[in-house]
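To start, the structure itself, in structure tokens.
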Amino acid sequence: MFYQVYPRSFADSDGDGIGDLGGVREKLGYLELLGVDALWICPVMRSPMADGGYDVADPRDIDALFGGMAAFDALVAAARTRGLKVTMDLVPNHTSSEHPWFQAALTAAPGSPERARYIFRDGRGPSGDEPPNNWPSIFGGPAWTRVTEPDGTPGQWYLHLFAPEQPDLNWENPEVVADFEQTLRFWLDRGVDGFRIDVAHGMAKPPGLPDMQTVSTKMLIHDDSDPRFNNAGVHDIHRRIRKVIDEYPHAVSIGEVWVDDNTRFGEYVRPDELHLAFNFRLAETPFTADAMRHAIDNSLAAVAPVGAVPTWTLSNHDVEREVTRYGGGAAGLARARAMILVELALPGAVFIYNGAELGLPNVDDLPEEVLQDPVWERSGHTERGRDGCRVPIPWEGDRPPFGFTTCERSWLPIPPDWAGLSVEAQLEELGSTVSLYRLAIELRRLRPEFAGPRIEWYGSPAGCLAFRRPGGLVCVLNASAAPIPLPPGELLLASAPLASGHLPPDAAAWLV
Ligand code: GLC
């Protein structure tokens with residue numbers, strides 16, 4: 001089981017209101033207690049933080065904001081003594097605009113080797129003042145920004161699929177490939193156990209950068225026919241990456257792959273490409289049994305032909321938290337608790353986003369002046385973006401910032417009514433969400449009934465689903481409005497108390 005740490009929001013050790021690696025190290029005991037096997041730490045490399053660290057100015061150094069290299073080495077060493085693996089988040093598709101390469105490209109001439117590391121093009125129209133194609137940026141506005149040439153004249157345009165501070169690299173340039181290989185080795189030599197690879201379906205661009213047929217201005221969406229992503233050349237890039245990773249037999253690579261088609265998704269996890277790829281189907285599925293069943297079947301079908309391990313994720317730092325996605329309030333929480341039992345009953349690798357184990361909801365009423373996601377500015381203040389799922393973790397006490405930081409204010413404010421959701425409030429409470437997670441993770445690790453790489457669907461009442469693992473575990477989800485009887489067997493765990501032996505609505509149970 002992987003646990004995703006969004007370091008800005010996890011724990012602050014130096015009192016500046018922003019989480020850091022020292023904070024992660026201080027909380028390793030908690031993660032061990034929870035039963036985590038491996039950490040995925042969102043980007044901590046040197047960055048001006050235009051996109052929370054996904055804009056990297058030096059991929060081989062740790063930002064001072066997170067404690068610098070010393071804090072990183074200390075974290076990796078401390079994690080190792082506890083038997084926890086550490087995976088880093090690398091960002092190969094783009095750099096920060098403050099990366100020395102991009103700064104050099106700005107002062108160099110069109111056609112120069114400096115510009116050839118990025119995707120610079122002349123503009124369209126008689127004076128070149130229209131972007132080279134019609135692509136929008138994922139964060140809103142055009143995907144191209146025009147530069148001023150060193151002589152002061154309006155010049156070429158550069159491509160940025162995300163914010164203008166995140167220029168796309170040109171992966172057809174061998175220097176770009178070599179540099180990324182150097183980054184992989186740099187961190188593997190320092191003792192990390194692998195990588196989450198950002199926008200792993202990006203990097204390769206279609207020849208000639210053709211216009212998009214239909215241009216949606218909707219932000220943060222994914223569509224298989226989008227020419228900006230999932231181009232055939234990406235697979236050679238993954239093969240190159242895998243060759244380096246294979247020099248370190250313990251290491252794992254996990255790609256962020258927003259691709260719906262099962263066959264095309266599976267291509268990313270062929271034996272010589274990524275080890276694992278995030279499958280976002282569960283994170284996008286509403287709380288109905290049919291939709292869940294479909295998502296599970298498809299996630300399994302996508303990886304089966306290539307013999308890869310399925311992955312499961314209910315949320316991350318880019319999507320609405322599941323409690324809110326399932327309707328919020330008591331029902332949203334009950335459904336999220338049910339879904340963690342479904343997720344942990346499935347064969348494969350599970351990714352848990354920090355705070356999910358506390359049942360945190362999204363915070364959709366953050367004051368406008370604290371919003372930091374580039375989506376907020378780029379949408380002209382019409383879309384709030386992803387800050388609502390990035391609010392810091394409440395650790396203890398009865399008032400914000402709940403032990404997250406020693407200073408008065410955390411970088412995003414924590415709602416005062418989260419006191420009951422804090423780690424301290426939940427840890428000793430048997431019925432709490434964190435206790436449910438702990439117990440479920442422990443059972444999954446210890447019980448032989450979780451064996452076997454498949455599931456078999458069971459008959460179940462309308463609006464419900466039930467499946468069995470070859471080892472003997474049966475998982476039942478009641479997404480209907482009425483209590484249901486459970487199949488025969490010994491009850492191992494339920495996400496809500498049974499009522500006269502029946503599983504209530506919005507609940508799941510494990511039986512053996
Ligand atoms: C990925 C990250 C997201 C980031 C984007 C650009 O989708 O998960 O947080 O904004 O890439 O790097």
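Every number for a ligand or one of its atoms is a count from 1 in the order of the listing.
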For this session: Report the C-alpha distance between Glu273 and Arg242 in whole Å, list the side-chain angles of each, state the deciding distance to 0.1 Å, and finish with yes or no for salt bridge (charged side-chain N to carboxylate O under 4.0 Å, His left out).
Result: CA-CA 6 Å; Glu273 298 195 37; Arg242 179 61 178 262; over 6 Å; no
Problem set entry | Phe404 side, atom CZ; Trp418 side, atom CH2 - distance, nearest 0.5 Å | 11.5 Å
Problem set entry | Numbering as shown, the atoms of ligand 1 that approach His94 to under 4.0 Å (heavy-atom distance) | 6 (C), 12 (O)
Exercise. What residue and atom, counting heavy atoms only, is the protein's closest point to atom 5 (C) of ligand 1, and at what distance?
Worked result: Phe162 CE2, 3.8 Å
Problem set entry | Protein contact to atom 10 (O) of ligand 1 [nearest heavy atom, distance to 0.1 Å] | Asp51 OD2, 2.6 Å
Exercise. Between His381 and Trp376, what is the ring plane arrangement, given parallel below 30°, perpendicular above 60°, and tilted in between?
Worked result: parallel
Problem set entry | atom 1 (C) of ligand 1: the protein heavy-atom neighbour that sits closest, reported with distance to 0.1 Å | Asp198 OD1, 2.7 Å
Problem set entry | Enumerated ligand 1 atoms positioned under 4.0 Å from heavy atoms of Arg390 | 9 (O)
For this session: Give me the one residue out of Phe186, Phe66, Trp187 that meets ring-ring contact (aromatic ring centres under 6.0 Å, His included) with Phe72.
Result: Trp187
For this session: Tell me which protein heavy atom sits closest to atom 7 (O) of ligand 1, plus the residue, atom name and distance to 0.1 Å.
Result: Glu256 OE2, 2.8 Å
Exercise. Just wondering, more than 12 heavy atoms not from Arg80 lying within 6.0 Å of its CZ?
Worked result: no
For this session: Say whether Arg196 and ligand 1 are in contact under the criterion: heavy-atom distance to a ligand atom below 4.0 Å.
Result: yes
For this session: Consider every N or O of Trp258 and every N or O of ligand 1, then say whether any pair is closer than 3.5 Å.
Result: no
Seminar exercise, completed: In ligand 1, the atoms that come under 4.0 Å of a heavy atom of Phe139 are 10 (O)
Exercise. Considering only heavy atoms, which of Val375, Asp318, Ile138 lies nearest to atom 9 (O) of ligand 1?
Worked result: Asp318
Problem set entry | contact_flag His201 ligand 1 heavy-atom lt 4.0 Å | no
For this session: Kindly check if the number of other-residue, nucleotide or ligand heavy atoms within 6.0 Å of CZ (Arg146) is above 12?
Result: yes
Problem set entry | Atom indices of ligand 1 within 4.0 angstrom of His317 heavy atoms, with elements | 2 (C), 3 (C), 8 (O), 9 (O)
For residues 337-345, which side-chain N or O atoms pair as donor and acceptor with protein atoms under 3.5 Å away, sequence neighbours left out?
| residue | atom | partner | partner atom | Å |
| --- | --- | --- | --- | --- |
| Arg337 | NE | Ser495 | O | 3.2 |
| Arg337 | NH1 | Gly431 | O | 3.1 |
| Arg337 | NH1 | Thr433 | OG1 | 3.2 |
| Arg337 | NH2 | Gly431 | O | 3.4 |
| Arg337 | NH2 | Ser495 | O | 3.0 |
| Glu343 | OE2 | Thr313 | N | 3.2 |
| Glu343 | OE2 | Leu314 | N | 3.4 |

For this session: Would you mind telling me which of Thr87, Val350, Thr311 makes a side-chain contact (heavy atoms from CB on, under 4.5 Å) with Phe2?
Result: Thr87
Exercise. For ligand 1, which atoms, with element, lie under 4.0 Å from some heavy atom of Arg386?
Worked result: 3 (C), 4 (C), 9 (O), 10 (O)
For this session: Applying ring-ring contact (aromatic ring centres under 6.0 Å, His included) between Tyr118 and each of Phe102, Trp171, Trp157, report the one that passes.
Result: Phe102
